[in-house]
Protein chains: 2
Amino acid sequence: MEKTDALDSLSALAHDLRLDTFRLLVRAGPEGMAAGEIAEALQIRANTLSNNLTILAAAGLVRSAREGRSIRYFARMEQMRDLLGFLIQDCCGGRPEQCQPMLDQLSCPC
Amino acid sequence: MEKTDALDSLSALAHDLRLDTFRLLVRAGPEGMAAGEIAEALQIRANTLSNNLTILAAAGLVRSAREGRSIRYFARMEQMRDLLGFLIQDCCGGRPEQCQPMLDQLSCPC
DNA sequence: TCCATGTTTCATGTAATAATGAAATGATGG
DNA sequence: CCATCATTTCATTATTACATGAAACATGGA
(Lines give C-alpha, C1' and ligand atoms only; values in the text may rest on other atoms or scores of the structure.)
Protein backbone atom coordinates (compact mmCIF):
# COMPACT_ATOMS: atom_id res chain seq x y z
CA MET A 1 0.00 0.00 0.00
CA GLU A 2 1.19 3.47 -0.92
CA LYS A 3 1.50 6.18 1.68
CA THR A 4 -1.20 8.21 -0.02
CA ASP A 5 -3.64 5.29 0.19
CA ALA A 6 -2.78 4.81 3.83
CA LEU A 7 -3.45 8.49 4.48
CA ASP A 8 -6.82 8.20 2.76
CA SER A 9 -7.76 5.18 4.84
CA LEU A 10 -6.55 6.74 8.07
CA SER A 11 -8.46 9.94 7.36
CA ALA A 12 -11.56 7.96 6.55
CA LEU A 13 -11.39 6.05 9.82
CA ALA A 14 -10.43 9.09 11.89
CA HIS A 15 -14.04 10.19 12.16
CA ASP A 16 -16.49 9.09 14.77
CA LEU A 17 -19.39 8.25 12.51
CA ARG A 18 -17.26 6.65 9.83
CA LEU A 19 -15.44 4.48 12.34
CA ASP A 20 -18.80 3.36 13.72
CA THR A 21 -20.07 2.72 10.22
CA PHE A 22 -17.07 0.66 9.28
CA ARG A 23 -17.21 -1.39 12.47
CA LEU A 24 -20.89 -2.02 11.90
CA LEU A 25 -20.23 -3.28 8.40
CA VAL A 26 -17.42 -5.50 9.61
CA ARG A 27 -19.77 -7.04 12.12
CA ALA A 28 -22.44 -7.39 9.46
CA GLY A 29 -20.01 -9.55 7.50
CA PRO A 30 -20.53 -10.77 3.97
CA GLU A 31 -24.24 -9.95 3.98
CA GLY A 32 -23.46 -6.29 4.40
CA MET A 33 -26.12 -3.75 5.25
CA ALA A 34 -28.39 -1.46 3.30
CA ALA A 35 -27.72 2.25 3.67
CA GLY A 36 -31.09 2.66 5.32
CA GLU A 37 -30.33 -0.05 7.86
CA ILE A 38 -27.04 1.63 8.74
CA ALA A 39 -28.71 5.02 9.14
CA GLU A 40 -31.34 3.42 11.37
CA ALA A 41 -28.77 1.58 13.46
CA LEU A 42 -26.60 4.65 13.97
CA GLN A 43 -29.47 7.12 14.21
CA ILE A 44 -28.23 9.52 11.58
CA ARG A 45 -29.71 11.23 8.55
CA ALA A 46 -29.62 9.53 5.20
CA ASN A 47 -27.60 12.20 3.43
CA THR A 48 -25.04 12.54 6.20
CA LEU A 49 -24.48 8.81 6.06
CA SER A 50 -24.35 8.86 2.29
CA ASN A 51 -21.60 11.48 2.31
CA ASN A 52 -19.57 9.48 4.74
CA LEU A 53 -20.12 6.19 2.94
CA THR A 54 -18.78 7.90 -0.16
CA ILE A 55 -15.64 8.85 1.73
CA LEU A 56 -15.20 5.31 3.05
CA ALA A 57 -15.73 3.94 -0.45
CA ALA A 58 -13.21 6.37 -1.96
CA ALA A 59 -10.71 5.13 0.60
CA GLY A 60 -11.44 1.57 -0.48
CA LEU A 61 -12.74 0.55 2.92
CA VAL A 62 -16.26 -0.29 1.77
CA ARG A 63 -17.92 -1.29 -1.45
CA SER A 64 -21.54 -1.08 -2.49
CA ALA A 65 -23.99 -3.03 -4.60
CA ARG A 66 -27.50 -2.11 -5.55
CA GLU A 67 -30.14 -4.53 -4.40
CA GLY A 68 -33.58 -3.58 -5.55
CA ARG A 69 -34.43 -0.19 -4.23
CA SER A 70 -31.76 -0.14 -1.61
CA ILE A 71 -28.00 -0.18 -1.83
CA ARG A 72 -26.01 -2.59 0.28
CA TYR A 73 -22.64 -1.74 1.70
CA PHE A 74 -19.87 -4.15 2.63
CA ALA A 75 -16.62 -3.74 4.52
CA ARG A 76 -13.58 -4.44 2.35
CA MET A 77 -11.39 -6.47 4.64
CA GLU A 78 -8.56 -6.56 2.09
CA GLN A 79 -8.14 -2.83 2.44
CA MET A 80 -8.15 -3.10 6.21
CA ARG A 81 -5.52 -5.81 6.02
CA ASP A 82 -3.39 -3.70 3.70
CA LEU A 83 -3.67 -0.74 6.02
CA LEU A 84 -2.57 -2.81 8.99
CA GLY A 85 0.25 -4.14 6.86
CA PHE A 86 1.33 -0.63 5.98
CA LEU A 87 1.29 0.49 9.59
CA ILE A 88 3.24 -2.54 10.72
CA GLN A 89 5.75 -2.23 7.91
CA ASP A 90 6.06 1.36 8.95
CA CYS A 91 7.06 0.32 12.39
CA CYS A 92 9.57 -2.22 11.25
CA GLY A 93 11.50 -0.08 8.81
CA GLY A 94 14.94 -1.56 9.31
CA ARG A 95 14.43 -2.29 12.98
CA PRO A 96 13.00 -5.75 13.53
CA GLU A 97 14.19 -5.69 17.12
CA GLN A 98 11.67 -2.96 17.81
CA CYS A 99 8.84 -4.29 15.73
CA GLN A 100 8.78 -7.94 16.61
CA PRO A 101 8.23 -7.58 20.36
CA MET A 102 5.32 -5.32 19.58
CA LEU A 103 3.74 -7.81 17.22
CA ASP A 104 4.27 -10.61 19.70
CA GLN A 105 2.09 -8.74 22.14
CA LEU A 106 -0.59 -8.29 19.54
CA SER A 107 -3.08 -11.08 19.76
CA CYS A 108 -6.26 -11.55 17.87
CA PRO A 109 -9.22 -11.64 20.25
CA CYS A 110 -10.85 -14.32 18.12
CA MET B 1 -7.88 1.14 24.02
CA GLU B 2 -10.99 3.30 24.04
CA LYS B 3 -12.61 4.42 20.83
CA THR B 4 -11.87 8.04 21.62
CA ASP B 5 -8.15 7.26 22.00
CA ALA B 6 -8.20 5.35 18.75
CA LEU B 7 -9.81 8.32 17.02
CA ASP B 8 -7.14 10.62 18.41
CA SER B 9 -4.38 8.34 17.19
CA LEU B 10 -5.97 7.87 13.79
CA SER B 11 -6.46 11.62 13.38
CA ALA B 12 -2.89 12.23 14.42
CA LEU B 13 -1.56 9.77 11.84
CA ALA B 14 -3.93 10.90 9.09
CA HIS B 15 -1.70 13.81 8.20
CA ASP B 16 1.16 13.72 5.76
CA LEU B 17 3.76 15.47 7.88
CA ARG B 18 2.75 13.73 11.10
CA LEU B 19 2.85 10.31 9.49
CA ASP B 20 6.32 11.08 8.15
CA THR B 21 7.39 12.35 11.56
CA PHE B 22 6.14 9.28 13.33
CA ARG B 23 7.78 6.93 10.83
CA LEU B 24 11.03 8.81 11.20
CA LEU B 25 10.91 8.46 14.98
CA VAL B 26 10.12 4.77 14.70
CA ARG B 27 13.16 4.32 12.51
CA ALA B 28 15.24 6.41 14.89
CA GLY B 29 14.42 3.89 17.59
CA PRO B 30 15.22 4.28 21.27
CA GLU B 31 17.69 7.10 20.68
CA GLY B 32 14.92 9.26 19.32
CA MET B 33 15.61 12.52 17.54
CA ALA B 34 15.86 16.16 18.56
CA ALA B 35 13.13 18.43 17.22
CA GLY B 36 15.72 20.29 15.20
CA GLU B 37 16.98 17.08 13.62
CA ILE B 38 13.45 16.13 12.62
CA ALA B 39 12.78 19.56 11.12
CA GLU B 40 16.04 19.30 9.20
CA ALA B 41 15.31 15.80 7.96
CA LEU B 42 11.80 16.67 6.81
CA GLN B 43 12.64 20.17 5.62
CA ILE B 44 9.97 21.98 7.56
CA ARG B 45 9.83 25.00 9.82
CA ALA B 46 10.44 24.60 13.51
CA ASN B 47 7.08 25.91 14.64
CA THR B 48 5.10 23.87 12.15
CA LEU B 49 6.86 20.76 13.40
CA SER B 50 6.36 21.78 16.99
CA ASN B 51 2.61 22.10 16.52
CA ASN B 52 2.39 18.70 14.93
CA LEU B 53 4.63 17.06 17.52
CA THR B 54 2.25 18.41 20.14
CA ILE B 55 -0.64 16.71 18.36
CA LEU B 56 1.27 13.42 18.13
CA ALA B 57 2.18 13.69 21.80
CA ALA B 58 -1.41 14.42 22.81
CA ALA B 59 -2.43 11.27 20.96
CA GLY B 60 0.20 9.35 22.92
CA LEU B 61 2.15 8.41 19.83
CA VAL B 62 5.34 10.20 20.83
CA ARG B 63 6.97 11.34 24.04
CA SER B 64 9.63 13.96 24.62
CA ALA B 65 12.53 14.52 26.95
CA ARG B 66 14.76 17.50 27.27
CA GLU B 67 18.41 16.89 26.61
CA GLY B 68 20.55 19.95 27.13
CA ARG B 69 19.35 22.69 24.88
CA SER B 70 17.35 20.49 22.61
CA ILE B 71 14.32 18.30 23.17
CA ARG B 72 14.35 14.71 21.97
CA TYR B 73 11.28 12.94 20.70
CA PHE B 74 10.62 9.21 20.75
CA ALA B 75 7.96 7.04 19.15
CA ARG B 76 5.75 5.32 21.71
CA MET B 77 5.45 1.82 20.30
CA GLU B 78 3.02 0.78 23.03
CA GLN B 79 0.48 3.22 21.70
CA MET B 80 1.00 1.96 18.17
CA ARG B 81 0.54 -1.59 19.36
CA ASP B 82 -2.64 -0.64 21.19
CA LEU B 83 -3.98 1.11 18.12
CA LEU B 84 -3.32 -1.94 15.96
CA GLY B 85 -4.96 -4.03 18.64
CA PHE B 86 -8.01 -1.81 18.61
CA LEU B 87 -8.31 -1.96 14.84
CA ILE B 88 -7.93 -5.72 14.79
CA GLN B 89 -10.38 -6.21 17.62
CA ASP B 90 -12.66 -3.96 15.69
CA CYS B 91 -12.50 -6.30 12.77
CA CYS B 92 -13.08 -9.39 14.78
CA GLY B 93 -16.09 -8.29 16.76
CA GLY B 94 -17.90 -11.59 16.98
CA ARG B 95 -16.73 -12.84 13.62
CA PRO B 96 -13.47 -14.74 13.93
CA GLU B 97 -14.08 -16.45 10.61
CA GLN B 98 -13.65 -13.10 8.93
CA CYS B 99 -10.82 -11.78 11.05
CA GLN B 100 -8.47 -14.73 11.21
CA PRO B 101 -7.89 -15.21 7.48
CA MET B 102 -7.04 -11.54 7.30
CA LEU B 103 -4.51 -11.78 10.09
CA ASP B 104 -3.00 -14.89 8.58
CA GLN B 105 -2.16 -12.87 5.51
CA LEU B 106 -0.57 -10.19 7.61
CA SER B 107 3.09 -10.85 7.93
CA CYS B 108 5.72 -8.77 9.57
CA PRO B 109 8.35 -7.70 7.04
CA CYS B 110 11.08 -8.14 9.64
C1' DT C 1 -47.52 5.67 -16.33
C1' DC C 2 -47.62 7.37 -11.83
C1' DC C 3 -46.43 7.12 -7.13
C1' DA C 4 -43.84 5.78 -3.07
C1' DT C 5 -39.48 4.38 -1.34
C1' DG C 6 -34.52 4.50 -0.79
C1' DT C 7 -30.51 6.92 -1.67
C1' DT C 8 -27.56 10.47 -3.54
C1' DT C 9 -26.37 15.20 -5.09
C1' DC C 10 -26.19 20.05 -4.56
C1' DA C 11 -25.63 24.51 -2.34
C1' DT C 12 -24.79 26.72 1.87
C1' DG C 13 -23.27 28.09 6.38
C1' DT C 14 -20.22 26.98 9.99
C1' DA C 15 -16.65 24.97 12.51
C1' DA C 16 -12.22 22.79 12.67
C1' DT C 17 -7.54 22.37 10.90
C1' DA C 18 -3.17 24.05 9.19
C1' DA C 19 0.76 26.95 8.14
C1' DT C 20 3.00 31.13 8.98
C1' DG C 21 5.74 35.31 11.01
C1' DA C 22 6.79 37.29 15.12
C1' DA C 23 7.50 37.12 19.82
C1' DA C 24 8.40 34.58 24.05
C1' DT C 25 10.36 30.86 26.84
C1' DG C 26 13.90 27.89 28.58
C1' DA C 27 18.66 26.20 28.88
C1' DT C 28 23.49 26.48 28.25
C1' DG C 29 28.25 28.21 27.94
C1' DG C 30 31.16 31.97 28.39
C1' DC D 1 24.17 37.28 34.05
C1' DC D 2 24.54 37.90 29.21
C1' DA D 3 24.36 36.19 24.59
C1' DT D 4 22.94 32.57 22.01
C1' DC D 5 20.72 28.55 20.56
C1' DA D 6 16.58 25.37 20.43
C1' DT D 7 11.95 25.17 20.75
C1' DT D 8 7.33 26.68 21.74
C1' DT D 9 3.43 29.96 21.97
C1' DC D 10 0.57 33.38 19.99
C1' DA D 11 -2.31 35.75 16.61
C1' DT D 12 -3.68 35.73 12.06
C1' DT D 13 -5.17 33.98 7.78
C1' DA D 14 -6.39 30.43 4.37
C1' DT D 15 -8.07 26.13 3.57
C1' DT D 16 -10.64 22.21 4.28
C1' DA D 17 -14.08 19.26 6.47
C1' DC D 18 -18.73 18.73 8.12
C1' DA D 19 -23.77 18.56 8.66
C1' DT D 20 -27.88 20.15 6.88
C1' DG D 21 -32.30 21.15 4.02
C1' DA D 22 -33.97 20.84 -0.36
C1' DA D 23 -33.99 18.85 -4.69
C1' DA D 24 -32.84 15.14 -7.89
C1' DC D 25 -32.33 10.38 -9.25
C1' DA D 26 -33.27 5.41 -9.59
C1' DT D 27 -36.14 1.44 -8.69
C1' DG D 28 -40.21 -1.42 -8.07
C1' DG D 29 -45.09 -1.91 -7.61
C1' DA D 30 -50.06 -0.44 -8.54
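No experiment lies behind these values; they were computed from the predicted model shown.
Between C:dG6 and A:Y73, no contact under 4.0 Å exists linking OP1 or OP2 to a side-chain N or O. Dashed line: the shortest gap from a side-chain N or O of A:R45 to OP1 or OP2 of D:dG21 is under 4.0 Å.
Under the 4.5 Å side-chain heavy-atom criterion for ILVMFWY residues, no single connected hydrophobic cluster contains both A:F74 and A:M33.
Looking at residues two or more places apart in sequence or on another chain, you find a salt bridge (charged side-chain N to carboxylate O under 4.0 Å, His left out) between A:E67 and A:R72. B:D5 pairs by the salt bridge (charged side-chain N to carboxylate O under 4.0 Å, His left out) definition with nothing, not counting sequence neighbours.
Going from atom CG of B:L10 over to atom CG of A:D16 covers 11.5 Å, rounded to the nearest 0.5 Å. B:L84 CG to B:M1 CE: the interatomic distance, rounded to the nearest 0.5 Å, is 9.0 Å. To the nearest 0.5 angstrom, A:L24 atom CG is 11.0 Å from A:L19 atom CG.
A side-chain contact (heavy atoms from CB on, under 4.5 Å) with B:R18 is found for one member of B:L53, B:L13, B:I55, B:L49 and no other, namely B:I55. Residue B:T21 forms a side-chain contact (heavy atoms from CB on, under 4.5 Å) with just one option from B:I38, B:N52, B:V62, and that option is B:I38. Tested against A:L61, the residues A:D8, A:V26, A:L56 include a single side-chain contact (heavy atoms from CB on, under 4.5 Å) partner, A:L56.
At distances below 3.5 Å, not a single donor-acceptor pair connects side-chain atoms of A:T48 with backbone N or O atoms of A:I44. With hydrogens and angles disregarded, no donor-acceptor distance shorter than 3.5 Å links the side chain of A:R81 to the backbone of A:L83. The main-chain N or O of A:R76 is never found under 3.5 Å from a side-chain atom of A:Q79 such that the two would form a donor-acceptor pair.
Across the protein-nucleic acid pair, A:I71 atom CD1 and C:dT7 atom P stand 7 Å apart, rounded to whole Å. When rounded to the nearest whole Å, the span between CD1 of A:I55 and C1' of D:dA19 equals 11 Å. In this structure, B:L42 places its CG atom 16 Å from C1' of C:dA18, rounding to the nearest Å. A:I44 places its CD1 atom 16 Å from the C1' atom of D:dG21, with the value rounded to the nearest Å. Atom-to-atom, CD of B:E40 to P of D:dA6 comes out at 11 Å; the value is rounded to the nearest Å.
The stretch residues 3-18 of chain A touches DNA chain D through A:H15, A:R18, each having a heavy atom within less than 4.0 Å of the strand. Near DNA chain D, defined here as any heavy-atom distance below 4.0 Å, the residues from residues 58-68 of chain A are A:R66, A:G68, listed numerically. Residues from residues 46-53 of chain A with heavy atoms under 4.0 angstrom of DNA chain D, sorted by number: A:N47, A:T48, A:N51, A:N52.
Among the atoms of the strands shown, only primed sugar atoms or phosphate atoms (P, OP1, OP2) are found under 4.0 Å from some heavy atom of B:A34.
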Protein-nucleic acid N or O pairs under 3.5 Å, nucleotides 1-5 of chain D:
residue	atom	partner	partner atom	Å
D:dC5	O4'	B:R69	NH1	3.1

*Test A:M80 against A:F22 for side chain to side chain contact (heavy atoms under 4.5 Å, CB included), laying out the working first.*
CA-CA 10 Å; A:M80 192 57 180; A:F22 183 72; 3.8 Å; yes
